There are 2 protein chains.
Amino acid sequence: MPDIRLDTTLIALADPTRRLVINALRKQPRRAGELVAMASISAPAMSRHLKILRQSGLIAEEDVENDARVRLYRLQPEAFADLQTWLDEVQSFWAGQLDAFKAHVEGKTVRPKGKRTKPKDQLK
Amino acid sequence: MPDIRLDTTLIALADPTRRLVINALRKQPRRAGELVAMASISAPAMSRHLKILRQSGLIAEEDVENDARVRLYRLQPEAFADLQTWLDEVQSFWAGQLDAFKAHVEGKTVRPKGKRTKPKDQLK
DNA sequence: ACGATAATTAACAATTTGGCTAATTATTAG
DNA sequence: CTAATAATTAGCCAAATTGTTAATTATCGT
């Protein structure tokens with residue numbers, strides 16, 4: 001089961017333009033047109049990037065009260081939590097890695113759980 | 001200037017198969033063939049995924065001492081640091097966001113730095 | 001030496017991505 | 001009402017991505 005949430009988050013972040021948007025919104029909310037100017041790409045291109053970011057939940061759309069034409073975008077902090085959690089889990093790999101190293105120096109080549117009962121690739 | 005390091009890291013992580021590899025290596029180093037079996041894709045496909053992960057620095061190749069045919073892959077923890085740092089920076093958005101909110105309730109619509117001197121889109 | 005094994009590279013097909021221009025929708029300003 | 005503005009959607013194209021099978025390289029076991 002592929003983690004669909006983490007997947008969309010990482011896909012959304014794996015683009016320089018979209019990260020530029022994220023970085024810009026870090027300081028303050030911005031209208032779509034402002035983001036277009038910052039990224040120096042066409043408005044339609046930015047619109048699609050914003051859609052992807054919106055769908056990933058990383059940013060949210062907001063209306064301004066005096067002009068219904070403009071759309072204000074702002075960062076959605078909660079959406080980063082899953083990635084943060086996953087990263088922390090990955091970073092906690094030391095435990096497992098140390099076990100493996102221990103087994104290694106003890107002369108047992110690291111092996112998958114029950115793949116082969118006879119260690120063919122054993123240390124001489 | 002697009003952050004090339006962060007870019008390759010996120011592109012590498014933005015694929016379910018590659019994340020499956022990362023998750024697998026969290027517990028212990030694995031040979032290429034084992035990873036192929038886990039992901040149930042062809043060996044060549046996995047080989048290319050491993051290449052991308054290797055080039056991103058997220059994993060490292062290692063030789064086993066009794067069989068020169070097998071390649072052992074292990075996690076490279078340092079390579080996650082940049083992403084972790086960037087994520088922390090993004091998460092620290094609260095300061096800026098609060099400033100914007102303050103300006104907002106004070107009646108000044110949030111605007112880019114020196115875009116327009118006259119607040120055209122002012123609150124009525 | 002010879003066949004099997006581990007992994008990679010080569011070559012190709014299908015899909016996705018990201019960008020552009022043109023068109024569309026909605027709203028504002030004169 | 002009409003022109004201008006803000007943003008999105010539609011349609012098209014080039015480049016990149018991912019997967020497959022076939023071929024290649026290197027090494028091991030007998």
Side-chain angles (χ1 to χ4, degrees), chain A residues 2 7-8 10-21 29-56 59-73 109 111-112 115-116 118-124, chain B residues 2 7-8 10-21 29-56 59-73 109 111-112 115-116 118-124:
Chain A
D7 204 52
T8 55
L10 282 165
I11 287 172
L13 294 177
D15 177 276
T17 301
R18 291 194 287 264
R19 279 201 308 285
L20 182 146
V21 169
R30 298 282 191 184
R31 356 182 344 173
E34 293 170 351
L35 296 169
V36 165
M38 288 177 182
S40 48
I41 59 172
S42 68
M46 176 56 77
S47 189
R48 276 210 339 268
H49 282 304
L50 291 173
K51 187 176 192 176
I52 290 169
L53 286 169
R54 225 184 310 125
Q55 289 174 338
S56 78
I59 68 171
E61 197 179 311
E62 190 186 337
D63 287 331
V64 294
E65 41 272 71
N66 48 329
D67 190 340
R69 287 173 302 178
V70 331
R71 238 141 290 184
L72 211 57
Y73 286 97
T109 304
R111 284 265 145 245
K115 214 55 183 307
R116 282 186 194 163
K118 293 202 179 172
K120 197 177 171 188
D121 300 320
Q122 195 131 6
L123 288 174
K124 59 165 176 305
Chain B
D7 204 52
T8 55
L10 281 165
I11 287 172
L13 293 178
D15 177 277
T17 302
R18 290 195 285 265
R19 278 201 310 284
L20 182 145
V21 169
R30 298 282 191 184
R31 356 184 340 176
E34 294 170 351
L35 296 168
V36 166
M38 288 177 181
S40 48
I41 59 172
S42 67
M46 176 57 76
S47 189
R48 276 204 347 266
H49 282 303
L50 291 173
K51 187 177 192 175
I52 290 170
L53 286 168
R54 226 184 307 124
Q55 290 173 338
S56 77
I59 67 171
E61 195 180 314
E62 189 185 340
D63 287 331
V64 295
E65 40 271 73
N66 48 330
D67 191 339
R69 287 174 301 177
V70 331
R71 239 141 289 184
L72 211 58
Y73 286 97
T109 304
R111 286 261 145 248
K115 214 56 181 309
R116 280 187 195 164
K118 293 204 177 166
K120 197 175 171 189
D121 298 324
Q122 195 130 7
L123 286 172
K124 56 165 173 299

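Chain naming here is simple, since letters A, B, ... match the order of the sequence lines and numbering starts at 1 in each. Please read all numbers here as calculations on a predicted model, not as lab measurements.
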Checklist outcome for this item: Quick tally for nucleotides 15-24 of chain C: nucleotides whose base has a protein heavy atom under 4.0 Å get B, sugar-phosphate-only ones S, the rest -, giving ---BBBBB--

How many Å lie between [atom1] on [X] and [atom2] on [N], as a whole number?
X       : N      : atom1 : atom2 : value
A/Arg31 : C/dT27 : CZ    : P     : 15 Å
B/Lys51 : C/dA7  : NZ    : C1'   : 13 Å
B/Arg30 : C/dA6  : CZ    : P     : 16 Å
B/Gln55 : C/dT8  : CD    : P     : 12 Å

What residues, two or more places apart in sequence or in another chain, satisfy side chain to side chain contact (heavy atoms under 4.5 Å, CB included) together with [X]?
X       : value
B/Arg71 : B/Glu61, B/Asp63, B/Tyr73
A/Ala68 : none
B/Ile41 : B/Thr17, B/Ala39, B/Ala45, B/Met46, B/His49

Checklist entry - Hey, does B/Arg18 have a side-chain heavy atom less than 4.5 Å from the side chain of B/Leu13? => result no

Checklist outcome for this item: With sequence neighbours left out, the residues meeting salt bridge (Lys or Arg N to Asp or Glu O under 4.0 Å) with A/Asp7 are B/Arg19

Item to check | A/Ala32 side chain, from C-beta outward: closest of C/dA6, C/dT8, D/dT8 | outcome: D/dT8

Checklist entry - Considering only side-chain heavy atoms of A/Asp67, which listed nucleotide, C/dT28, D/dT27, C/dT8, is closest? => result C/dT28

Item to check | Minimal non-hydrogen separation, B/Ser56 against B/Thr8, with atom names | outcome: CB-O, 4.0 Å

